[in-house]
Amino acid sequence: MTIKYFLCLILICVCANSYGNALHTQLIDDLNHLASNPLMGRKTATEGAANTRAYLHSRLSKFNLNVSEQTFTYKSGIFEHAQGINIIAVPTKSTQRKKIIITAHYDHLGKRGGKYYFGANDNATGVAALLYLASSLQNKEFPYELVFVLTDAEENGLHGSKHFAQTLNSNNVLMNINLDMLGVKKHKSRVYALTSYSLKQKLKPVFTALNNTKITIKPVYSSKQMNRLIKSQNIDWHKASDHYSFAQNNIPYVYFGMGHDPHHHTTKDTVQHIDIPKYVSTVLAIEGFIKQLAHHHYDDLNAET
Ligand SMILES: [Zn+2]
């Protein structure tokens with residue numbers, strides 16, 4: 001190895017490392033901003049939701065993606081209807097490849113009893129993770145197409161994802177990857193991947209190949225098993241977030257989450273209660289999962305069962 005080549009190698013390593021670090025810094029900046037005062041708890045159809053969308057547009061516009069809004073209405077009472085807005089980001093050059101739909105809901109509870117519910121874990125963590133993935137994977141060649149969807153009105157009935165999933169042709173979609181509540185402070189360094197049973201055999205080798213040292217992805221194949229593992233009460237994890245809307249439209253899913261959060265839907269769901277290093281490792285583990293899908297096992301995944 002010549003000295004010139006050696007110096008070049010060091011320079012490449014330093015650049016790659018600082019690029020990685022810049023992405024991590026941005027991830028934390030996004031998390032902090034999404035759970036901050038100006039976004040007012042991100043409640044559907046409020047000023048806070050509009051502020052959130054403005055922020056998400058400004059972030060997504062920096063990537064090599066086409067960004068659009070999808071407006072929908074849903075029943076919000078016996079006679080009332082309400083409106084929500086999803087944000088969809090697709091590659092600028094569309095392919096004929098099957099899609100993987102990555103989702104995270106950006107809405108939360110807004111203001112109640114004069115207090116803001118910032119929803120840092122639920123679900124600023126998922127939204128910031130989605131922005132990170134959109135940034136880090138935007139120019140990568142995959143045998144599938146990644147579509148990023150930030151859904152609205154999840155908290156009051158999965159309405160945004162329900163609307164979006166109904167617009168899809170399920171034959172063109174490989175799976176939904178849903179991100180919701182990725183930052184619970186807890187003892188175990190583990191993120192759960194609640195996975196449709198139909199994907200079990202296909203994804204087994206993918207999960208096995210992942211050996212991220214800092215955080216373990218634990219595949220789970222039923223809500224019952226999830227409750228047992230996290231010692232939670234009878235939470236129906238299958239229906240607990242946007243992945244359920246995809247399941248209802250015959251699209252299998254992998255839902256990433258850290259499990260039960262004692263601060264869920266309280267004013268204590270703030271960034272202070274998030275274990276930041278663990279959160280960053282979790283997002284990197286999910287990125288590793290998406291890359292792993294492409295590198296080794298796409299043919300298995302795409303095969304008809
Ligand atoms: Zn949520």
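Counting convention: from 1, in listed order, for ligands and their atoms alike. In this chain, numbering begins with 1 at the start of the sequence shown.
Close placement of the Phe207 and Phe289 rings is indicated, their centers lying within 6.0 Å of each other. Residues Tyr55 and His33 bring their aromatic ring centres within 6.0 Å.
Taking the ring axis of Tyr221 as reference, the NZ or CZ atom of Lys200 stays within 45° of it and closer than 6.0 Å to the ring centre. A cation-pi arrangement is not found for Lys218 relative to Tyr192, the charged atom failing to lie both closer than 6.0 Å to the ring centre and inside a 45° cone about the ring normal.
Inclusion of Glu154 in the first shell of the Zn ion (ligand 1) is not supported: no N, O or S atom falls under 2.8 Å.
The Zn ion (ligand 1) forms the vertex of an angle spanning OD2 of Asp180 and NE2 of His105; to the nearest 10 degrees it equals 90°.
Restricting Asp122 to its N/O/S atoms, the shortest distance to the Zn ion (ligand 1) is reached by OD1.
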